[in-house]
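Numbers here simply count residues along the sequence, with the first being 1. Note that ligands are numbered from 1 as they come in the structure, with each ligand's atoms numbered from 1 the same way.
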Amino acid sequence: MFVTISTTGTAVNPAADLGYLLHKHPDKVQTFSTSHGPAHVFYPEAGPERCTAALLLEVDTVALVRRGKGKGRGGAPDAALAQYVNDRPYAASSLLAVAVSNVFSSAMRGVCKARPELAAAPLPLRVEVPVLPARGGAALVRRLFEPLGWTVDVTPVPLDTAFPEWGDSRYVRLVLEAGTLTLAEALRHLYVLLPVLDDAKHYWVSADEVDKLLRAGEGWLPGHPEQKLITSRYLSRRWSLTRQAMERLELVRLAEADDSEVESIDNAVEEDTEAEEKPTPLAVQRREAILDALRESGAARVLDLGCGQGQLVQALLKDVRYTEIVGVDVSVRALTIASRRLKLDRMGERQASRVTLFQGSLAYTDKRLKSYDAAVLSEVIEHLDLPRLPALEYAVFGAARPRTVVVTTPNVEYNVRWETLPAGHVRHGDHRFEWTREEFRTWAATVAERHGYGVAFRPVGPDDPEVGPPTQMAVFTLETAHDEKEKEAKAA
Ligand code: SAH
């Protein structure tokens, strides 16, 4: 049984990066012994543009039977031959998942001492499983992988190509592609979902399987639309374990929902229209400032990059001057909430034709972002690790190149004015950095210079004489002369 993992792209060095992340050298064939037989890791290709690592598990069916682990589904006592002659050596099952976790254990935990920033970064990934037993068929395969950000290509394998009239087997060929996941996330998806699709565990399910499931499911299983099916199948339908796991997942989901609802302390107070006396929440002031800048730019087709739960998209929809509004976010969960907020499924056709939400990562160039009038990055840049920021800069200012770009970010100097914020803390747990006014201006000026934009700064919220405003905003405007000059230079 066999699985391959590939990475491509120019932002990365595929061969070296995949080698580092998997802790397996691309020039070697390595063999590891697992309890089900030897597992080989090798690289069918390791070039500058594309690198593929393969894991091949040679299942020892005889040993499986001797250990009493080979019964699989059904396991009729008289099916003696079937114990030896079965799909185990060829089809990717729970045995392959176990091999993945044995052979790539550090990679699965996202540990890469030599290159920690690499392990934390999403990669362009392609996973291929040539033969996967899929109980539930292609439709279930999609329902399991698509919510996680994978593009899924699933082809049923015919029972016998010589006799097409026999129809399809219960196996599929699976190809998964994503640009928004880390390798660790990808491996953890496979570790859980391969056995779920196989639906027959080939080893004893013990109580610590619940821990293993929750560990591997961290960050994606809580709130997955098929959470219950995944949990129950993974735990071989042992109801007491399943119930235990579901309860723990629900606790995780509730805890997560709590902090995603509070994007930052200043967003915590959402619009409260009756609160005349209360000062306007900063989130609302920020939205107004962004809308002002967009209106002045004359934009009609607008991107909201890192749109989160869709508050700005909703405000833009109310103004007919915006003919096309696109919300992009890396988080499927945020997009689900946004789509609920906008009531996309109940919207009239005219209205619906003005708005699109899609999943994407701003750390990669994306053709879908080209040729818009304006793009907004509202409270987004501080969510990227600093080493990833140049990739976003390039994707937005270098590749997508909208005429106007509005960027907002917290002003860290103002943090001393937040009564509820302990000294030295950032405003939200997921902020990777918060900048002073000076730092933001320097960054913005460099980006503008590099990509041929002009830039102006505006305060958002009360502009404190000492520490400045709580939110800082930069409005970038494309200097058309820049692109013209480039064109001329190219022509010459
Ligand atoms: N723009 C919204 C949400 C800000 S929260 C507002 O102003 O309220 C930051 C958002 O950026 C989150 O929804 C997060 O999922 C998204 N994000 C973070 N990194 C991203 C990336 N690399 N690509 C796309 N979106 C990203």
Side-chain angles (χ1 to χ4, degrees), residues 9 11 117 120-124 148-149 178-182 185 219-220 223 256-257 259-271 281-291 293-294 302-316 325-342 356-366 368-369 374-396 399-400 405-410 426-434 460-461 470-474:
E117 81 294 346
L123 284 180
L148 300 171
T180 53
L181 298 169
T182 64
E185 286 169 323
W220 63 270
E256 279 186 357
D259 51 62
S260 82
E261 244 92 86
V262 188
E263 145 52 13
S264 55
I265 58 166
D266 47 76
N267 275 9
V269 198
E270 254 307 318
E271 290 120 301
L282 184 57
V284 178
Q285 295 188 47
R286 189 162 47 229
R287 212 139 53 231
E288 289 306 323
I290 294 169
L291 291 170
L294 288 176
V302 180
L303 295 166
D304 184 9
L305 304 176
C307 63
Q309 305 181 357
Q311 292 94 333
L312 179 65
V313 172
Q314 190 175 34
L316 290 168
I325 305 151
V326 178
V328 183
D329 205 285
V330 76
S331 156
V332 177
R333 244 195 33 200
L335 291 171
T336 309
I337 297 172
S339 127
R340 248 183 259 142
R341 171 191 303 276
L342 299 168
T356 316
L357 298 179
F358 67 76
Q359 201 224 2
S361 169
L362 301 168
Y364 296 95
T365 55
D366 189 334
R368 296 172 297 181
L369 305 183
V376 177
L377 285 159
S378 163
E379 307 296 285
V380 173
I381 58 171
E382 65 276 10
H383 288 264
L384 272 86
D385 288 318
L386 270 175
R388 301 293 291 168
L389 199 53
L392 172 141
E393 277 161 44
Y394 181 74
V396 176
V405 184
V406 182
V407 180
T408 76
T409 194
V426 292
R427 297 182 201 176
H428 185 264
D430 192 43
H431 286 180
R432 307 301 161 91
F433 60 86
E434 282 177 357
V460 180
T471 296
Q472 32 189 355
M473 179 160 106

Out of curiosity, [X] [atom1] to [Y] [atom2], how far, rounded to the nearest 0.5 Å?
X: Gln309; Y: Leu342; atom1: CD; atom2: CG; answer: 11.0 Å
X: Leu316; Y: Ile325; atom1: CG; atom2: CD1; answer: 5.0 Å
X: Glu117; Y: Leu386; atom1: CD; atom2: CG; answer: 12.5 Å
X: Thr336; Y: Arg341; atom1: OG1; atom2: CZ; answer: 13.0 Å
X: His431; Y: His383; atom1: NE2; atom2: NE2; answer: 3.5 Å

Could you say whether the N/O atoms of [X] and ligand 1 ever approach to under 3.5 Å?
X: Leu362; answer: yes
X: Asp329; answer: yes
X: Gly306; answer: yes
X: Ser378; answer: yes

Which of the atoms in ligand 1, numbered in the order shown and given with their element, are less than 4.0 Å from a heavy-atom of [X]?
X: Ser331; value: 15 (O)
X: Gly360; value: 23 (N), 24 (C)
X: Gly308; value: 3 (C), 13 (O)

Under the side-chain hydrogen bond (donor to acceptor under 3.5 Å, both in side chains) test, residues paired with Thr182 that sit two or more places apart: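 side-chain hydrogen bond (donor to acceptor under 3.5 Å, both in side chains) check on Thr182 returns Glu185.
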Set of side-chain contact (heavy atoms from CB on, under 4.5 Å) partners for Gln359, sequence neighbours left out: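 With neighbours one apart ignored, the set is Thr180, Val332, Leu335.
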Pick from Thr471, Val330, Leu335: the one approaching atom 24 (C) of ligand 1 most closely through a non-hydrogen atom: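 Selected option, by shortest heavy-atom distance: Val330.
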Candidate with minimal heavy-atom separation from atom 5 (S) of ligand 1, of Glu379, Arg287, Gln359: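 Closest candidate by heavy-atom distance is Glu379.
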